[in-house]
Trainee: 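Have a look at this one.
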Amino acid sequence: MAVQWADYDLDDIRHRYDRIASLIVPFEWLLFMPTAFRRTAVARIGLQGGERVLEIGCGTGRNLPFLREAVGPTGTVYGVDFSAGMLARARAGVASHGWDNVVLTECDAAEYRAPEPLDAVMFGLSYNTMPHHRAVLARALDLLKPGGRIVIMDAKLPPGIGGRMVLPFSIWLMKHTVLGNPCIRPWEHLEPLVDDFQMEEYLFGSYYVCRGVKRG
Ligand SMILES: C[S@@+](CC[C@H](N)C(=O)[O-])C[C@H]1O[C@@H](n2cnc3c(N)ncnc32)[C@H](O)[C@@H]1O
């Protein structure tokens, strides 16, 4: 089993997600995602009614109900994803709920331009699937108003020897599923760029939500 991560190119990642769009819920079970993780992560953004929030890598829209609920009917939820297969499912969900304040865009997150300054941005289980994550993070901060909040929610290796022991299996599993690089530490990328950095871990440190505030 390989113990190093080799980045995939963007087309390979996009095609992988087009193929696995129907498997996101089974993958949540396979990867032991805590039941309330999505709701908890969205709560950590601290959204108010009427605010504008972007989910980067919104996928099939599994976080959209929580984001939509948090900003209410007067707010706007933007979502960007580069997989047509994933977005088709998100669009079907938005249409079935009749949400007219959820706006989804198909493009590489590094190229995304929001139509207005944003109050908040969330990476929803997506940061470590992007080999150019630092460029996407810089773009996310550009899109935020000063004082806007940024959240990264994701899985990670548990701390210490447990993490080192599961790394080979984790790399194997990621290569065969969602292509998330388990070797990066996104919270260390975010912390130096924001004010009021905070991080919470769940399920023995195998999931986390980190957040910060854009400097004014
Ligand atoms: C693991 S899925 C998470 C989807 C969703 N946020 C969720 O929580 O279920 C990662 C998503 O990021 C998207 N993604 C990966 N790289 C991207 C990029 N460069 N630009 C836009 N979307 C990207 C994938 O297409 C996929 O839908």
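Position 1 is the first residue of the sequence, and the numbers go up from there. For ligands, and for the atoms within them, numbers begin at 1 and follow the listed sequence.
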Trainee: Enumerate, one pair per line, all nitrogen or oxygen atoms of ligand 1 lying under 3.5 Å from a protein nitrogen or oxygen, stating the separation to 0.1 Å; write 'none' if no such pair exists.
Mentor:
unit_1	atom_1	unit_2	atom_2	d
ligand 1	6 (N)	Glu55	OE2	2.7
ligand 1	6 (N)	Gly57	O	2.6
ligand 1	6 (N)	Gly124	O	2.7
ligand 1	8 (O)	Arg38	NH1	2.6
ligand 1	8 (O)	Asn63	ND2	3.2
ligand 1	9 (O)	Arg38	NH1	3.3
ligand 1	9 (O)	Arg38	NH2	3.1
ligand 1	19 (N)	Asp108	OD1	3.0
ligand 1	20 (N)	Ala109	N	2.9
ligand 1	22 (N)	Phe82	N	3.2
ligand 1	25 (O)	Asp81	OD1	2.6
ligand 1	27 (O)	Asp81	OD1	3.3
ligand 1	27 (O)	Asp81	OD2	2.6

Trainee: What ring-ring contact (aromatic ring centres under 6.0 Å, His included) pairs are there with at least one residue in residues 63-97, not counting sequence neighbours?
Mentor: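 Matches after skipping sequence neighbours: His97-Trp99.
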
Trainee: List for me each residue that meets side chain to side chain donor-acceptor pair (under 3.5 Å) alongside Trp187, sequence neighbours excluded, and say none if there are none.
Mentor: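 Trp187 satisfies side chain to side chain donor-acceptor pair (under 3.5 Å) with no other residue.
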
Trainee: Quiz question: by atom type and distance under 3.5 Å, do the side chains of His132 and Asp108 form a donor-acceptor pair?
Mentor: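 Side-chain D/A pair, His132 to Asp108: present.
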
Trainee: Does one side chain, of Asn101 or Thr76, offer a donor that lies under 3.5 Å from an acceptor on the other?
Mentor: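 Result is no, nothing qualifies.
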
Trainee: Excluding sequence neighbours, so at least two apart, what forms side chain to side chain donor-acceptor pair (under 3.5 Å) with Arg44?
Mentor: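 Side chain to side chain donor-acceptor pair (under 3.5 Å) check on Arg44 returns Gln198, Glu200.
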
Trainee: Can you confirm whether more than 12 heavy atoms, excluding those of Phe32, are under 6.0 Å from its CZ atom?
Mentor: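 Counting neighbours around CZ of Phe32, 12 or fewer heavy atoms of other residues, nucleotides or ligands fall under 6.0 Å, so no.
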
